[in-house]
Enquirer: 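First, the structure itself, so that you have it in front of you.
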Amino acid sequence: DFEFSDSFPDRKRIILSHYHNDVSTPPLNSHALFLRRRHTKNKHYLISRVGRLRRAGPRINEIMTRVYPNGSPLTTIAYNGHEADDIVSVASFNLLAPLYIRPIDQRTGKVQPFASFDWISEEDSERILGDHVRLPKLLKRLQDCGSDFICVQELQLEAVANNDDGVESPSNGATSQLNRGRRSRKEDMDFDGSGCNKRIVMKKSRFSLPQWIAPLTGATSGGYGVILPNSEQLEKMAERNRRVLMADVAITNAIFYKSDKWRPVSGNSATKTTARKQLRDSRIPYHNTTNCVLQSFLPLEVTQPNQNQSETTDGPEPVVVASIHLDAKSEEKRVQQLQRCLERSLELSASPYPPPLIIAGDYNCELFPGSCVHAFLQNVKRDEQDTMSEAAYNALHIADDLDGSGLNSPENEVQYRIRECSRANRLPSNTLPSKEQLQSWDNLHASVASFVYDHCWKLDRVKTGCTRVAYDHDEEIIDDDSESVVQHTDSQSRTDNDSNSDGCVPGKHGRKTMAQWHLDHILYTSHSLVPLGKWSTLEDDELSRERGLPNDRVPTDHLPIAALFKRCPHLRLDEKAKVSLIELLQKLEGRQMNEMQSLLAEVDRQRAELAKQLNANEETSTDPSQTHENKRQKMKKKMAPPSPQIIQHIRSSRSSIKLMRESHRVERENFVKERCWLERLELKHFLGVTPKLWINISS
């Protein structure tokens, strides 16, 4: 699959991979850098660099992975030249729950624009959106992908009536249809729509996999096991659907895993338990939710490492896989959901280090630079253009004078954040966010960067392209009759005047525009996983770009994504470097402790001397003959406030202690800043708390 060369003038190695399986890779030589230009008409050659390889023209910044046609069986390509135990394949499918197809929202009495699928006519609706046509196609795609792990979103579970709860079961046809999750479908409503307003008494239900997907767990499909949230979480989602969509169903994320290769394991965190660990904030235990399902897995033949063996064993660490579906409206909620996912993954780690982690799913955001969710990718360099082109990013309508030549410049970081803040707040085009909005955005962005740095995360993203294509419902649309203009408010979408580096070129459909978005992503820990391959996305699907999703070929509204990874051992400090680091830490803590104790002792000594001096002055000024009166004065003195001299000493002492604590804090902060990523990991393990918390509490 890959060929390597050291024949370039700067002696840097590059990786050459090709798109088509039947194309033989030409030999690499000094002209290999120009293969992209010479072969792009017929073959898609991808060239990448390791190190800082330079040439005239655009720089090649990205270690590319091999691209396979969307839907390619991952079982047949996973072991090509690699050990099977080292390969992990992950696919992500947004299944499009039947309930979410043209539902009547009880809060508005209408179908939401994003769920109306207006480009699909009434004549074509049953052929494209009908469950009896769409779900079998979806099952076949799931079975054919052959991935080790399949992360799914919008899996609609079937409600199974519980006759022991003391609530009468619905008996009429309308209620039975509602319990199956189809009552709020627009096609199923009465002519006048009155059915959606009927008040029906619901009964508690338990939930199971729907019948259409059950064959995926059979032996003919590789015997997939499934990880689901607990019944309490499912009931919360069902309660929401009963209230908003009048349907007694639970819609959730799930992870399907090959049970003949992997087995789920419980968390066995080997984080060192110390007294400092008790100083951390107490947190509510995290459970899988309907929008984030997380589980660690080990190969069947590997035993689960215990706490004593986790740092010395040479066996593979458990792989943590997450199926995630982030909030569609709030960037703050998306940040909170992803942060909780990362925190939970640390609890599932079998070592003191961040585990090999893959987070796949529908992020409901495009992860462009400047967004707060993109700040989780701290190790992604600013000079990488990600999957967007200059024209695509300039289409965001803010600061259109940016010609793209400075796209990689650090000074444009403020412009990135302004653009993403405008998009997240859905401001009209050419409208800048307010000072308060931008300040709130910057604070959220900074908090994410601090979290990633403090917990020593190294996350990267598989460079997938556009996965969602639909009408741009917020674009400016001219009414032929009234010539009125509907103002464009969503600068996040692509129009047919835009393009991107994946070749995603939208098209027109009547008076409305088909727009494209990068909404589905796969994040992974770059220190322990190396991407080897990925599925192509909308850049390789002209039919979907023109007709939208779903269509006759793709049975869901998001194009699925998948990637292959090779597991690598976690980088660690050697014992000598580790001992040296701990000695430096203990030396710093010991010196600061001695300095603080010396200062406190000096403060106590000075106060004792001052009190002694004040007492001596009072004794010389009192009359020894008035013994009874002197005793009364001493009693009053004990109850009286301290003297002005004592108060002044207390204030000056507190100021000295405060200055020393601040000096020690700055010293500890500089100590952490001087440490590399691996050293900070070791500090976090040894201290039992994050370096940031240690900086602020040690004194």
Side-chain angles (χ1 to χ4, degrees), residues 269 271 280-281 283 286 292 294 320-322 324 326-327 330-349 351-361 363 365-384 386 410 413-414 416-417 420-421 424 440-463 521-529 531 570-572 668-685 687-696:
S269 178
T271 304
R280 292 186 296 182
D281 295 337
R283 298 183 182 274
Y286 180 87
C292 182
L294 193 87
V320 180
V321 180
I324 201 164
L326 299 184
D327 190 82
S330 170
E331 184 81 354
E332 183 176 3
K333 288 183 179 179
R334 287 192 286 266
V335 165
Q336 292 172 353
Q337 290 168 347
L338 189 53
Q339 184 169 319
R340 286 197 296 267
C341 177
L342 293 173
E343 290 172 345
R344 172 59 175 157
S345 69
L346 291 176
E347 298 176 13
L348 295 177
S349 176
S351 75
Y353 305 97
L357 173 64
I358 302 171
I359 309 175
Y363 283 67
C365 61
E366 301 202 78
L367 286 182
F368 283 162
S371 69
C372 297
V373 178
H374 182 271
F376 284 100
L377 308 180
Q378 189 181 28
N379 62 324
V380 177
K381 297 180 181 178
R382 174 59 63 190
D383 62 355
E384 293 183 356
D386 213 313
E413 291 185 6
V414 175
Y416 288 133
R417 291 200 295 273
E420 296 305 309
C421 181
S440 176
W441 188 266
D442 288 343
N443 292 340
L444 183 60
H445 192 280
S447 69
V448 174
S450 176
F451 170 83
V452 172
Y453 178 84
D454 205 38
H455 289 80
C456 307
W457 283 106
K458 287 281 187 180
L459 295 176
D460 205 343
R461 186 183 77 88
V462 177
K463 304 306 186 290
H521 308 280
I522 300 177
L523 302 190
Y524 64 95
T525 47
S526 57
H527 56 80
S528 54
L529 295 166
H570 199 297
L571 297 175
R572 302 180 185 182
R668 291 192 301 273
E669 186 176 40
N670 292 332
F671 176 82
V672 172
K673 286 181 179 179
E674 293 171 357
R675 307 276 78 81
C676 70
W677 171 65
L678 288 176
E679 289 175 323
R680 286 188 285 112
L681 270 178
E682 292 296 340
L683 287 177
K684 182 172 178 287
H685 173 43
L687 295 169
V689 294
T690 62
K692 181 179 180 180
L693 191 56
W694 170 73
I695 289 171
N696 294 320

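In this text, all values refer to a predicted model and were calculated from it rather than measured experimentally.
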Enquirer: Could you check if a side-chain atom of Glu347 sits within less than 4.5 angstrom of a side-chain atom of Leu294, using non-hydrogen atoms only?
Expert: no
Enquirer: Under the 3.5 angstrom rule, does the side chain of Ser349 hit a backbone N or O of Leu346 as a donor-acceptor pair?
Expert: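 A pair under 3.5 Å: no.
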Enquirer: Taking all heavy atoms of Leu683 and all of Phe671, pick out the closest pair and write down the distance.
Expert: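 Of all heavy-atom pairs spanning Leu683 and Phe671, the closest is CD1-CE2, 4.0 Å.
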Enquirer: What is the distance from atom CZ of Arg680 to atom CG of Leu678, rounded to the nearest 0.5 Å?
Expert: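 Nearest 0.5 Å value for the CZ-CG distance: 9.5 Å.
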Enquirer: Please confirm whether the backbone N or O of Asp327 pairs with a side-chain atom of Gln337, one donor and one acceptor, at under 3.5 Å?
Expert: yes
Enquirer: Verify, without hydrogens or angle tests, whether Ser450 (side chain) and Ser447 (backbone) share a donor-acceptor contact under 3.5 angstrom.
Expert: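 No; zero donor-acceptor contacts below 3.5 Å.
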Enquirer: Please report the closest heavy-atom contact between Cys341 and Ala322, naming both atoms and the distance.
Expert: SG-CB, 3.8 Å
Enquirer: Would you call Leu338 and Val448 a side-chain contact if the rule is heavy atoms closer than 4.5 Å?
Expert: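 No. Closest side-chain heavy atoms not under 4.5 Å.
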Enquirer: Is there a side-chain contact between Ser371 and Glu331, using heavy atoms and a 4.5 Å cut-off?
Expert: yes
Enquirer: With sequence neighbours left out, write down each residue that passes side-chain hydrogen bond (donor to acceptor under 3.5 Å, both in side chains) with Lys333, or none if nothing qualifies.
Expert: none
Enquirer: Is there side-chain contact between His527 and Tyr353, with heavy atoms separated by less than 4.5 Å?
Expert: no
Enquirer: How long is the span from the SG atom in Cys456 to the CZ atom in Arg675, to the nearest 0.5 Å?
Expert: 13.0 Å
Enquirer: Nearest 0.5 Å, what's the CD-CH2 distance between Glu332 and Trp441?
Expert: 10.5 Å
Enquirer: Would you give the length of the straight line joining atom CG of Leu444 to atom CD of Gln336, rounded to the nearest 0.5 angstrom?
Expert: 8.0 Å
Enquirer: Would the distance check show the side chain of Thr690 and the main-chain N or O of His455 forming a donor-acceptor pair, the cut-off being under 3.5 Å?
Expert: no
Enquirer: About how many Å separate CH2 of Trp694 and NZ of Lys684, when rounded to the nearest 0.5 Å?
Expert: 15.0 Å
Enquirer: So Arg668 and Pro691, do their side chains get closer than 4.5 Å, heavy atoms only?
Expert: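 The answer is no; the side chains never approach within 4.5 Å.
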Enquirer: What's the separation between atom CD1 in Ile324 and atom CD1 in Ile522, rounded to the nearest 0.5 Å?
Expert: 13.0 Å
Enquirer: So, for His521 and Tyr363, which heavy atoms are closest and what is the spacing to 0.1 Å?
Expert: O-CE1, 3.3 Å
Enquirer: Between the side chains of Glu420 and Arg417, is the shortest nitrogen-to-carboxylate-oxygen separation below 4.0 Å, so that they form an ion pair?
Expert: no
Enquirer: Is there a side-chain contact between Leu367 and Leu523 (heavy atoms, below 4.5 Å)?
Expert: yes
Enquirer: Quick one: does Tyr453's side chain get under 4.5 Å of Lys692's, heavy atoms only?
Expert: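 The answer is no; the side chains never approach within 4.5 Å.
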Enquirer: Kindly indicate, with the supporting measurements, whether the criterion side-chain contact (heavy atoms from CB on, under 4.5 Å) is fulfilled by His570 and Leu681.
Expert: CA-CA 11 Å; His570 199 297; Leu681 270 178; 3.7 Å; yes
Enquirer: Closest heavy-atom contact between Pro354 and Trp457?
Expert: CB-CZ3, 3.7 Å
Enquirer: Give me the atom names and distance for the closest heavy-atom approach of Leu342 to Phe451.
Expert: CD1-CE2, 3.7 Å
Enquirer: Can you check whether His445 reaches His374 side chain to side chain, under 4.5 Å on heavy atoms?
Expert: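 Side chain of His445 against side chain of His374, heavy atoms only: no contact under 4.5 Å found.
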Enquirer: Under a 4.0 Å N-O cut-off, is there an ion pair linking Arg340 with Glu343?
Expert: no
